[in-house]
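To find a chain, count down the sequence lines: A is the first, B the second, and so on, and within it residues start at 1.
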There are 2 protein chains.
Amino acid sequence: MALVPPFPDRADDTATVSSVVELLEVLWGGGREMDARPVSVSQLRVLYVLAESGGINLRTLTGALDSSPSSVSRLCDRLEAAGLVQRTASTTSRRELELHLTPTGLAFLADLRSARERALAEVLDDMSPAERGALLTGLNAFRTAAARRAEAGADVVPVARTA
Amino acid sequence: MALVPPFPDRADDTATVSSVVELLEVLWGGGREMDARPVSVSQLRVLYVLAESGGINLRTLTGALDSSPSSVSRLCDRLEAAGLVQRTASTTSRRELELHLTPTGLAFLADLRSARERALAEVLDDMSPAERGALLTGLNAFRTAAARRAEAGADVVPVARTA
DNA sequence: TATTGTTATACTCTATAACTATA
DNA sequence: TATAGTTATAGAGTATAACAATA
């Protein structure tokens with residue numbers, strides 16, 4: 001059973017958000033999704049990107065994941081072996097690739113999203129309608145603000161201090 | 001620069017939450033915090049637990065992380081080598097350990113939390129007071145409901161489908 | 001004998017650097 | 001030559017299984 005971090009001592013806005021972030025980090029930050037489960041978090045990130053922008057080359061995917069070409073190449077090796085992703089020769093350049101989700105990959109992503117939404121629905125059902133409404137209003141606004149800053153190139157949530 | 005997933009097609013509550021989860025996953029799901037940064041996500045989870053419950057043994061820590069003893073033992077090897085965690089002989093049983101954050105480990109965690117809260121504050125500043133209030137009300141309620149379910153042993157957010 | 005912690009082995013993920021092929 | 005992609009190598013994380021020491 002996962003540990004649940006404590007409520008923040010201060011009635012501070014940022015501390016509240018931070019504590020929820022830490023809650024989620026502990027709850028599904030474990031690496032055991034490599035175990036009985038078919039797809040790791042890293043592979044999942046690839047699927048997210050390809051679902052949104054199919055047909056991109058490896059270099060573009062590398063940029064979207066903020067990773068390195070070799071790592072992404074190996075990720076694609078395994079995803080291709082798993083039948084979730086397909087490497088196709090580019091029509092414009094013979095040294096580039098086109099990366100696509102296979103129908104299996106698309107179905108997998110759809111199933112995963114369903115499962116997550118089902119699990120989230122259980123939590124949301126434990127909240128009052130007013131609380132739920134506040135959460136959704138707040139999250140949508142947060143999402144808009146975070147996306148705005150991410151597009152500007154800012155680090156929205158640093159994982160560790162720089163010094 | 002990180003990719004930003006699209007807004008959900010449906011005006012569905014769970015899809016909204018799910019899309020925020022995916023946003024965060026892409027934004028700070030990258031593994032490059034192993035690079036120039038001092039502590040990995042896995043190590044960070046250890047610090048969270050030890051900050052909350054210092055003096056526990058390796059078995060208890062393993063349970064809190066929902067991991068395996070060997071993985072946690074190796075994690076502690078590196079955290080001890082980094083000077084963030086300390087293994088001490090238990091006072092009650094000679095085959096058990098007591099795990100503690102060192103002063104360095106505690107200071108590190110405090111600094112990290114400050115940095116995160118500073119970054120989050122930038123996003124929150126981009127939101128209206130009403131939106132911010134809604135977010136905090138909603139997150140606190142979500143947190144309570146999620147903790148309730150986590151304590152009951154439920155998987156709050158499955159990473160991949162079971163089938 | 002059962003439990004705590006560590007080590008042996010094997011896999012995924014990550015990165016830098018070297019390499020092949022194309023532009 | 002510069003770029004796209006792959007492979008070589010090395011380090012960290014994860015897990016199962018075998019092991020030592022203790023209860």
Side-chain angles (χ1 to χ4, degrees), chain A residues 25-26 28-47 49 55-82 84-100 159-160, chain B residues 25-26 28-47 49 55-82 84-100 159-160:
Chain A
E25 206 158 24
V26 173
W28 40 280
R32 72 224 172 284
E33 51 267 5
M34 267 175 284
D35 195 29
R37 286 163 175 176
V39 165
S40 74
V41 171
S42 299
Q43 292 173 338
L44 197 50
R45 293 177 74 226
V46 173
L47 301 189
V49 175
I56 60 177
N57 66 10
L58 191 137
R59 221 75 190 187
T60 305
L61 176 58
T62 298
L65 297 175
D66 200 7
S67 181
S68 63
S70 67
S71 301
V72 178
S73 184
R74 284 285 149 80
L75 270 174
C76 289
D77 286 350
R78 292 164 196 130
L79 285 169
E80 196 167 32
L84 302 177
V85 162
Q86 198 178 7
R87 274 187 260 221
T88 312
S90 166
T91 53
T92 58
S93 166
R94 267 200 299 180
R95 72 180 170 191
E96 292 183 32
L97 289 177
E98 279 178 13
L99 296 167
H100 292 277
V159 173
Chain B
E25 205 158 25
V26 173
W28 38 280
R32 73 225 173 282
E33 51 269 5
M34 265 175 285
D35 197 30
R37 286 165 174 174
V39 166
S40 74
V41 172
S42 300
Q43 293 174 338
L44 197 49
R45 294 176 72 225
V46 174
L47 300 189
V49 175
I56 60 177
N57 67 9
L58 191 137
R59 221 74 191 188
T60 306
L61 176 58
T62 298
L65 297 175
D66 200 8
S67 181
S68 63
S70 67
S71 302
V72 178
S73 184
R74 286 285 150 79
L75 269 175
C76 289
D77 286 350
R78 290 164 197 132
L79 285 169
E80 197 167 32
L84 302 177
V85 163
Q86 197 177 7
R87 274 186 261 221
T88 312
S90 166
T91 52
T92 59
S93 166
R94 266 201 300 181
R95 72 180 170 191
E96 292 183 32
L97 290 176
E98 279 180 13
L99 297 166
H100 291 279
V159 173

Ignoring hydrogens and geometry beyond distance, is a side-chain donor-acceptor pair present between A/Ser90 and A/Thr92 at under 3.5 Å?
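On atom types as modelled, these side chains qualify, holding a pair under 3.5 Å.
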
List the steps, then state whether side-chain contact (heavy atoms from CB on, under 4.5 Å) holds for B/Val49 with B/Thr60.
CA-CA 10 Å; B/Val49 175; B/Thr60 306; over 6 Å; no

Contact under 4.0 Å: [X] side-chain N or O vs [N] OP1/OP2:
X	N	value
B/Arg74	D/dG13	no
A/Ser73	D/dT6	yes
A/Ser71	C/dT14	no
B/Arg95	C/dA2	no
B/Gln43	D/dA12	no
A/Ser67	C/dT14	no

Before giving the answer on side-chain contact (heavy atoms from CB on, under 4.5 Å), spell out for B/Arg87 and B/Leu99 the whole-Å C-alpha distance, their side-chain angles and the decisive distance to 0.1 Å.
CA-CA 5 Å; B/Arg87 274 186 261 221; B/Leu99 297 166; 3.4 Å; yes

Quick one: which of D/dA15, C/dT16, C/dC13 gets closest to the side chain of A/Ser68?
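Comparing D/dA15, C/dT16, C/dC13 against the side chain of A/Ser68, the answer is C/dT16.
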
So for B/Ser70 and D/dT14, does any side-chain atom that can act as donor or acceptor lie under 3.5 Å from a complementary atom in the base?
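Checked by distance alone, the answer is no.
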
With a 4.0 Å cut-off on heavy atoms, is B/Ser93 in touch with a base, just the backbone sugar-phosphate, or nothing at all?
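Sugar-phosphate, backbone atoms only, no base.
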
If you look at every strand shown and take non-hydrogen atoms under 4.0 Å, does A/Arg94 touch a base, only sugar-phosphate, or nothing?
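Sugar-phosphate contact only - A/Arg94 comes under 4.0 Å of backbone atoms but never of a base.
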
Is the shortest side-chain heavy-atom distance between A/Val72 and A/Val46 below 4.5 Å?
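With C-beta onward as the side chain, the pair stays apart.
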
